[in-house]
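Have a look at the structure below, then the notes.
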Amino acid sequence: MPWQPRRPRVQAPPVPELPEVETIRRQLGPRLAGRRIVGATAHPSAKFAPATRAVGATVGDLRRRGKYLLADLDDDRELIVHLGMTGSLRCLPAGPRDDPYERAVWALDDGTELVFRDVRRFGRLAVVSAGDHRELPTLASLGPEPFDPALDDAAFASALRASSRAVKTQLLSQRPVAGVGNIYADEALWRAGVHPGDRRLTRPASAGLLAAVRSVLAAGIEHGGTTLRDYVDAEGRRGTNQLHLDCYGRAGEPCTRCGERLRSGTLDARTTTWCPRCQPPRAPRTLRVTIW
DNA sequence: CGGGGTTCCTGGCCGC
DNA sequence: TGCGGCCAGGAACCCC
């Protein structure tokens, strides 16, 4: 019973997705390259304690896979960071900050500190042998990067056919394509005119969805990410992509394409917004949609 | 192995 | 106005 009625929410939590993580990577990469980690402190939770294992290593490239940041270390290991829902990663001057939400702090050899702040503690850190992602199963079986040329219409359609779950659930699984979360999933489905609960897509719909995923992610990167409440990039700045959202968070407002009132519900316990006119369900019998 | 459900967390919203 | 209850949400985790 995946669909439940729900009331609209005024506020939505910030969730770093691919554009937000990519924005942070681009800013942080040059600042971290060549820096030696000379010390570290971490929250005792198993999610953050691995931070201290990076002490002594020198950082190389900062890469991104989906929503994961991977910092190459010079000892054939890598430091992996997932921001979860409320995580941020910044380089700050060393010194006491009295911030109760700092979960890990790495002291660098240039006098700065790399600070991982995460209010809700849904984020996660790991230090592993290079390429050994067994302790992060979603990363280990992550789908292709959205802008990978090898991800063509046929490959995407084939990946979607591998599961009979709702198409939005599949997008959020990170398997057909990496990096899509709740915001960009709703945006892409709206742009492609695909109902989030559809379980089988036609070839044209599948191709349209891939194109839409790429365009909404590209727009997100171009605008420095989406800031709904307190997402900030590596320099503490808010993104502006929230000014360009057509669907997510707009339940009850008119569709920017057709004027119909956008509807909201939950799909697999996730807030979902869609336009009933632009995104009609292909197989109504498989869904039970209740309108608030 | 896929599908489905549960858990982790906390601030902020809602209702009384 | 104050306070307690409840909810969101990515990915790990567990069970079938």
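- To the nearest angstrom, P of dC8(B) lies 16 Å from CZ of Arg103(A).
- One atom, CZ of Arg120(A), and another, P of dC9(B), lie 13 Å apart when rounded to the nearest Å.
- Near-neighbour residues of DNA chain B inside residues 125-140 of chain A, defined by a heavy atom below 4.0 Å, are absent.
- Following rounding to the nearest Å, Leu83(A) (CG) and dA12(C) (P) show an atom-to-atom distance of 14 Å.
- For the side chain to side chain donor-acceptor pair (under 3.5 Å) test, residues two or more places apart in sequence or in another chain that qualify with Arg26(A) are Glu22(A).
- Rounded to whole angstrom, the span from the CD atom of Gln170(A) across to the C1' atom of dG2(B) amounts to 11 Å.
- A sub-4.0 Å separation between OP1 or OP2 of dG10(C) and a side-chain N or O of Gln174(A) is absent.
- Of the listed nucleotides (dA11(C), dA8(C), dC9(B)), dC9(B) has the atom at the smallest distance from the side chain of Ser45(A).
- With rounding to whole Å, Glu102(A) atom CD is found 16 Å from dT10(B) atom P.
- Of the side-chain N and O atoms in Tyr248(A), one or more sit less than 4.0 angstrom from OP1 or OP2 of dG9(C).
- Interface remark: the Arg124(A) side chain does not form any donor-acceptor pair with the dA12(C) base, using a distance-only criterion of under 3.5 Å.
- Phosphate proximity of dA11(C) to Lys67(A): present, with a side-chain N or O under 4.0 Å from OP1 or OP2.
- Nucleotide dG9(C) holds its P atom 10 Å from the CG atom of Leu172(A), rounded to whole Å.
- With centroids closer than 5.5 Å and planes inclined by less than 30 degrees as the test, Phe122(A) and the base of dG9(C) pass as a stacked pair.
- The CG atom of Leu125(A) sits 10.0 Å away from the CD1 atom of Ile80(A) when rounded to the nearest 0.5 Å.
- Here the closest non-hydrogen pair linking Arg103(A) and Val119(A) is NH2-O, 2.9 Å.
- For the pair Leu142(A) and His133(A), the minimum side-chain heavy-atom distance is 4.5 Å or more.
- The two atoms that bring Asp118(A) and Gly123(A) nearest to each other are OD2-N, 2.8 Å, heavy atoms only.
- Without hydrogens or angle criteria, Glu187(A) side chain to Leu245(A) main chain gives no donor-acceptor distance under 3.5 Å.
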May I have the list of side-chain donor-acceptor pairs in residues 146-158 of chain A shorter than 3.5 Å, sequence neighbours left out?
residue   : atom : partner   : partner atom : Å
Asp148(A) : OD1  : Ala150(A) : N            : 2.8
Asp152(A) : OD1  : Ala154(A) : N            : 3.3
Asp152(A) : OD1  : Ala155(A) : N            : 2.8

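- Look at Ser164(A) and you won't find any side-chain N or O under 4.0 angstrom from OP1 or OP2 of dG2(B).
- Contact check, Arg121(A) against dT10(B): a side-chain N or O comes under 4.0 Å of OP1 or OP2.
- The side-chain hydrogen bond (donor to acceptor under 3.5 Å, both in side chains) pairs that include a residue from residues 135-145 of chain A are Arg64(A)-Glu145(A), Arg65(A)-Glu145(A), where partners are two or more places apart or lie in different chains.
- From one end of the helix from dG2(B)-dC16(C) to dC16(B)-dG2(C) to the other, with five pairs defining each end axis, the axis direction shifts by 40° (rounded to 10°).
- The side chain of His82(A) contributes no N or O atom lying less than 4.0 Å from OP1 or OP2 of dG10(C).
- Leu92(A) forms part of a hydrophobic cluster together with Val105(A), Val115(A), judged by ILVMFWY side-chain heavy-atom separations under 4.5 Å.
- Remark: Glu20(A) CD to Ile183(A) CD1 distance equals 6.0 Å, nearest 0.5 Å.
- Rounded to an integer number of Å, the gap from NZ of Lys47(A) to P of dT10(B) is 9 Å.
- Between Asp186(A) atom CG and dA8(C) atom P there is a gap of 14 Å when expressed in whole angstrom units.
- For Arg270(A), taking side-chain heavy atoms from C-beta onward, the closest of the listed nucleotides dG11(B), dG3(B), dG10(C) is dG10(C).
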